[in-house]
S.K.: 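Got a structure for you, questions after.
Heavy atoms only: backbone and side chains are in, while hydrogens, waters and symmetry mates are out. What you are looking at is a predicted structure, and each value in this text was computed from that prediction instead of being measured.
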Amino acid sequence: MGLQALFFYIFAFVAVASALMVISAKNPVHSVLFLILTFFNAAGLFLLTGAEFLAMILLVVYVGAVAVLFLFVVMMLDVDFAELRSGVLKYAPVGFLVGVILAVELVVFVGGNIISPEAGKAITMPIPALTERTNTAALGDVLYSNYIYFFQLSGLVLLVAMIGAIVLTLRHRTHVRRQDIATQVARSPETAIEVVKVKPGQGI
């Protein structure tokens with residue numbers, strides 16, 4: 001057993017064990033922490049296969065943003081998880097159906113690779129060898145050349161979604177004083193200054 005195979009089994013075992021703990025832990029904070037551990041081990045598996053870009057994306061996006069967001073939400077909100085788990089059984093048929101579909105897809109994929117291992121060489125854009133091109137550079141070549149319009153379109157979709165979320169959640173409060181730039185710029189000395197004539201011996 002080589003060193004790479006040893007690390008593969010270590011990362012795979014810890015990832016599967018922590019994934020099981022995500023759904024079996026009673027404390028939701030512990031579930032999120034086990035989820036972060038699962039992401040770290042999955043990133044290690046990506047590194048072993050030479051996909052360093054996917055490993056970094058998994059750590060930066062999912063661990064650095066999504067999982068940490070889950071952790072803060074769970075810790076700050078007083079959510080009654082016992083009440084949420086009480087209605088899990090009614091979704092069991094749907095979950096079982098999704099699990100069966102995923103299992104069939106895995107069997108078809110693995111069986112297809114075993115039956116015809118040369119099928120991977122017949123794709124339109126084969127993956128270059130790691131000695132010729134790194135994983136990040138190969139993804140950049142494809143993303144910014146063949147799929148540049150789809151990449152820009154996905155950016156526009158995310159921009160529209162962000163603007164829509166801001167518009168839907170923005171609430172103007174009437175008791176808060178806000179700065180009005182147009183009113184300030186349009187002021188004149190006559191409206192900005194008020195001259196009060198005070199008689200001798202009297203106050204303002």
S.K.: Using the test side-chain hydrogen bond (donor to acceptor under 3.5 Å, both in side chains), find all partners of Q179 that sit at least two apart in sequence or belong to another chain.
M.R.: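 Partners of Q179 under the side-chain hydrogen bond (donor to acceptor under 3.5 Å, both in side chains) test: Q184.
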
S.K.: Indicate the atoms forming the closest heavy-atom contact of L45 with A12, along with that distance.
M.R.: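 Of all heavy-atom pairs spanning L45 and A12, the closest is CD2-N, 4.1 Å.
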
S.K.: What closest approach, in Å, do L48 and Q4 show between heavy atoms, and which atom pair accounts for it?
M.R.: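 So the two residues come closest at O-NE2, 2.9 Å.
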
S.K.: Where is the tightest heavy-atom contact between I36 and V63, given as atom of each residue plus distance?
M.R.: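 Looks like CG2-CG1, 3.8 Å.
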
S.K.: List the residues meeting ring-ring contact (aromatic ring centres under 6.0 Å, His included) with F151, not counting sequence neighbours, and say none if there are none.
M.R.: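 F151 satisfies ring-ring contact (aromatic ring centres under 6.0 Å, His included) with Y144 only.
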
S.K.: To the nearest 0.5 Å, how far apart are CG in L54 and CG in L47?
M.R.: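 Output value for this atom pair is 10.0 Å.
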
S.K.: Should we count OH of Y62 as having more than 12 external heavy atoms under 6.0 Å?
M.R.: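 12 or below, so no.
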
S.K.: Any non-hydrogen side-chain atom of L59 less than 4.5 Å from a side-chain atom of F40?
M.R.: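 They are in side-chain contact.
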
S.K.: Applying the 4.5 Å side-chain criterion to the ILVMFWY set and letting contacts propagate, would M162 and V167 be lumped into a single cluster?
M.R.: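 They do share one cluster, since a chain of ILVMFWY contacts under 4.5 Å joins M162 to V167.
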
S.K.: What distance separates L20 CG from T38 OG1, expressed to the nearest 0.5 Å?
M.R.: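 The OG1 atom of T38 is 9.0 Å from CG of L20, to the nearest 0.5 Å.
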
S.K.: Under the side-chain hydrogen bond (donor to acceptor under 3.5 Å, both in side chains) test, which residues partner S24, sequence neighbours left out?
M.R.: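 Residues passing side-chain hydrogen bond (donor to acceptor under 3.5 Å, both in side chains) with S24: none at all.
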
S.K.: If you take all heavy atoms of L37 and S18, which pair is closest and at what distance?
M.R.: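 In terms of heavy atoms, the two residues are closest at CD2-CB, 3.9 Å.
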
S.K.: Please report the closest heavy-atom contact between F39 and L58, naming both atoms and the distance.
M.R.: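 Closest approach of F39 to L58, heavy atoms only: O-CD2, 3.3 Å.
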
S.K.: Hey, any chance V104 and L106 share a hydrophobic cluster, counting ILVMFWY side chains that come within less than 4.5 Å of each other, even indirectly?
M.R.: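 Not linked; separate clusters.
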
S.K.: What is the minimum heavy-atom distance between A25 and H30, and which atoms define it?
M.R.: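 Nearest heavy atoms, A25 then H30: CB-CB, 4.3 Å.
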
S.K.: CD1 of I163 to CG of L168: how many Å apart, nearest 0.5 Å?
M.R.: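 The distance works out to 12.0 Å.
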
S.K.: Linking I/L/V/M/F/W/Y whenever their side-chain heavy atoms sit closer than 4.5 Å, directly or via other members, would V108 and V100 fall into one cluster?
M.R.: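 In one cluster: yes.
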
